[in-house]
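One structure is given below, encoded as structure tokens.
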Amino acid sequence: MRVLFVNYCLPAYLHPLLERLVAKGCEIVMLLPGNDDNNIGEGVKLSDVQNISYKIRYSRSKKMWYGKHALIDLKHIIEQEQPDILLITYPYFLHLFFDRSIIKLLNRNNIRLVIREIPFQVPPFGKIKSYFSQRPLYNENMESKSSGILFFIKQWGLMHIRKYVYSKAAATMNYSTAAYDILPSYGVDEKNIHVTYNTTDTEALIKERSFIQTEPKILPPNNYRLLHVGRLVKWKRVDLLIQAVKKLVNSFPTLQLVIIGDGPEKENLIQQAIDNGIDSHILFAGGVHDPKMLGKYMNEATIYVLAGMGGLSINDAMTYGLPVVCSVCDSTERDLVRHGENGFFFKENDVNSLVQVLDQLLRSPELCKQMGEKSKQIIENEINLETVTNRYYQAFKEILVINYNSAKKPIFALRKI
């Protein structure tokens, strides 16, 4: 099977998945924007595109009159590559509404259109006002984007564009079971919603895990060590985590917060720690992308905390057997963190709620251990590189089989499975 995978970048976590799909027999063509279209978050780690077994192509990216970028060479590349499946993500699938000739091209060539979304910050159809009143939309700088009549006019238009494109799609592939709550309102049949989950290279972390036990520790022993991993931007709410540490240090004098990551907020966060007199309790370790080094930090942590937006760092922390404390992330956390089993959710943007759950865990080493073991089991048995790859592969196979009710038999639309 041949898949044209359209994405806005090639993040480091996606590369192992693509390699594994190729090993299973998928022919992958990755289509990326050839120029910066500002869809990539600041500081996102991108993959080194050397030594790959899949094909990469680039298209010119252009900001359209409706405010989003489109890959203007998409139609031409589809004609050249002749895939069995076009797997396309936001915002690029919006262009299919405005250029209907792409849809016609897909139909003529029996190419399956598949929409790939989390979905995240997507309201149910017809529920724009109520959705954003409960879940205000912010950018990475925590600037409100969900106010004013113009915002709601744009969302109304986006809602109808999304419904049209979904009506032309054979299926969707989604990171989270949140898709079952959202996409049926856009007319997507539940049987055509494929939840793949998302993952980092858990196998690389698991391989390092046993070796790290025999090597010198990167930090001195401490049973009261919190860990945060992520880009240092405002919507990660590391400032909230620092506030929580200030409230906890009197009860736990040896408490330490290790912050792994870089970003535009780093200096502000360092100053916040100094101003609050807790800089001796906080270690800013900088960006760490090497699996072995990341594992050493996780191996010395007690609790993983994500105070704001995020996602994949939870997978890494669970691989190392850490209990997880988080609030809203990108909706993938609801499939990873089971409240009371391998971690706790706290009330979004509420420092007192965060302090309460951290206090509960810090006072119970046995509970931390039990929850950490549960985290490890979830990764090893449910959501890891192999299981996620299998979900992609199985979804591709199912999408390429169309059941015509009248014929009562499957018709295969692929060259080879």
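Count residues from 1 along the sequence. Keep in mind that what you see is a predicted model, and the values were worked out from it rather than measured.
The CG atom of L322 sits 7.0 Å away from the OG atom of S375 when rounded to the nearest 0.5 Å. With rounding to the nearest 0.5 angstrom, the OG atom of S133 is 12.0 Å from the CD1 atom of I128. L226 contributes atom CG, which lies 6.5 Å from atom CG of L241 (distance to the nearest 0.5 angstrom). Taking CG of N315 as the start and OG1 of T199 as the end, the distance is 5.0 Å to the nearest 0.5 Å. Rounding to the nearest 0.5 Å gives a distance of 10.0 Å between NZ of K104 and NZ of K168. The CZ atom of R237 lies 6.5 Å from the CD atom of Q243; values are rounded to the nearest 0.5 Å.
Counting only heavy atoms from C-beta outward, the side chains of R116 and F5 approach each other to under 4.5 Å. Taking the side chain as every heavy atom from C-beta outward, L113 and I115 approach each other to under 4.5 Å. Looking at heavy atoms from C-beta onward, Y138 lies out of side-chain contact with K234 at the 4.5 angstrom threshold. A 4.5 Å side-chain heavy-atom check between L336 and M318 finds at least one atom pair inside the cut-off. With a 4.5 Å cut-off on side-chain heavy atoms, L106 and I78 count as touching. Taking 4.5 Å as the limit, some side-chain heavy atom of E117 sits within range of a side-chain heavy atom of Y166. At least one side-chain heavy atom of K397 sits under 4.5 Å from a side-chain heavy atom of M1. Taking the side chain as every heavy atom from C-beta outward, R20 and Y392 never approach each other to under 4.5 Å.
The number of heavy atoms from other shown groups lying within 6.0 Å of CD (E19) is above 12. Within a 6.0 Å radius of NZ in K207, no more than 12 heavy atoms belonging to other residues, nucleotides or ligands are found. The number of heavy-atom neighbours closer than 6.0 Å to NZ of K376, taken from other residues, nucleotides and ligands shown, is above 12.
Shortest non-hydrogen contact noted between M64 and A70 is CG-CB, 3.6 Å. Minimum interatomic distance between I72 and S59 (heavy atoms only, all atoms of both residues): N-OG, 3.6 Å. For T202 against L385, the heavy-atom pair with the smallest separation is OG1-N, 3.0 Å. Across every non-hydrogen atom of L294 and V288, the tightest pair is N-CG1, 3.5 Å.
One N or O on the side chain of R225 and one on the backbone of E300 form a donor-acceptor pair closer than 3.5 Å. Between the D84 side chain and the R2 main chain, a donor and an acceptor come within less than 3.5 Å of each other. The closest donor-acceptor contact from the side chain of S327 to the backbone of F346 lies at 3.5 Å or more, if one exists at all. Between the D262 side chain and the G287 main chain, a donor and an acceptor come within less than 3.5 Å of each other. In terms of modelled atom types and a separation under 3.5 Å, the side chain of H194 and the main chain of T172 share no donor-acceptor contact. At distances below 3.5 Å, at least one donor-acceptor pair connects side-chain atoms of D73 with backbone N or O atoms of R60. Between the side chain of R57 and the backbone N or O of K55 there is no donor-acceptor pair closer than 3.5 Å. Side-chain atoms of N222 come within 3.5 Å of backbone N or O of Y224 as a donor-acceptor pair. Checked by atom type and distance alone, the side chain of R338 never pairs as donor or acceptor with a backbone atom of I378 at under 3.5 Å. For D359 (side chain) and V355 (main-chain N/O), no donor-acceptor pair under 3.5 Å exists by modelled atom type.
Of the charged side-chain nitrogens involved, none lies within less than 4.0 Å of a carboxylate oxygen, so that R209 and E215 do not count as a salt-bridged pair.
With sequence neighbours excluded, the residues satisfying side chain to side chain donor-acceptor pair (under 3.5 Å) with T387 are N384. K246 meets the salt bridge (charged side-chain N to carboxylate O under 4.0 Å, His left out) test with no other residue; sequence neighbours excluded. Annotation: side chain to side chain donor-acceptor pair (under 3.5 Å) contacts of E265 (sequence neighbours excluded): N268.
For the residue pair N110 and R112, a side-chain donor N or O sits within less than 3.5 Å of a side-chain acceptor on the partner. One side chain, D335 or S176, offers a donor N or O that lies under 3.5 Å from an acceptor on the other. For the residue pair Y54 / H15, a side-chain donor-acceptor distance below 3.5 Å is found, with atom types taken as modelled. Side-chain contact annotation: E143 with N139, donor-acceptor N/O pair under 3.5 Å present. For the residue pair N352/K347, the side-chain donor-acceptor check at 3.5 Å is not satisfied.
Stacking of R100 on the aromatic ring of F97 is recorded, both the 6.0 Å distance cut-off and the 45° axial limit being met.
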task: Please lay out, stage by stage, how L96 and L74 fare under the test side-chain contact (heavy atoms from CB on, under 4.5 Å).
output: CA-CA 10 Å; L96 277 60; L74 175 61; 4.1 Å; yes
task: Start with the C-alpha gap between E382 and R391, add the side-chain angles, then the distance that decides, and say whether salt bridge (Lys or Arg N to Asp or Glu O under 4.0 Å) holds.
output: CA-CA 11 Å; E382 298 181 43; R391 282 176 171 270; over 6 Å; no
- request: Determine, step by step, whether R231 and E140 satisfy the salt bridge (Lys or Arg N to Asp or Glu O under 4.0 Å) criterion, reporting the C-alpha distance in whole Å, the side-chain angles of both residues, the deciding distance to 0.1 Å, and the verdict.
  value: CA-CA 10 Å; R231 295 178 296 124; E140 288 191 347; 2.8 Å; yes
Atom pairs and distances, side-chain donor-acceptor, residues 146-161, under 3.5 Å, sequence neighbours left out:
unit_1 : atom_1 : unit_2 : atom_2 : d
S146   : OG     : L137   : N      : 2.9
W156   : NE1    : H160   : NE2    : 3.4

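Among I399, N192, V3, the single residue meeting the side chain to side chain contact (heavy atoms under 4.5 Å, CB included) criterion with V114 is I399.
The list of ring pair (Phe, Tyr, Trp, His ring centres under 6.0 Å) pairs with a residue in residues 167-189, not counting sequence neighbours, reads F125-Y186. Every pair passing ring pair (Phe, Tyr, Trp, His ring centres under 6.0 Å) that includes a residue from residues 293-343 is listed here, sequence neighbours excluded: H339-F344.
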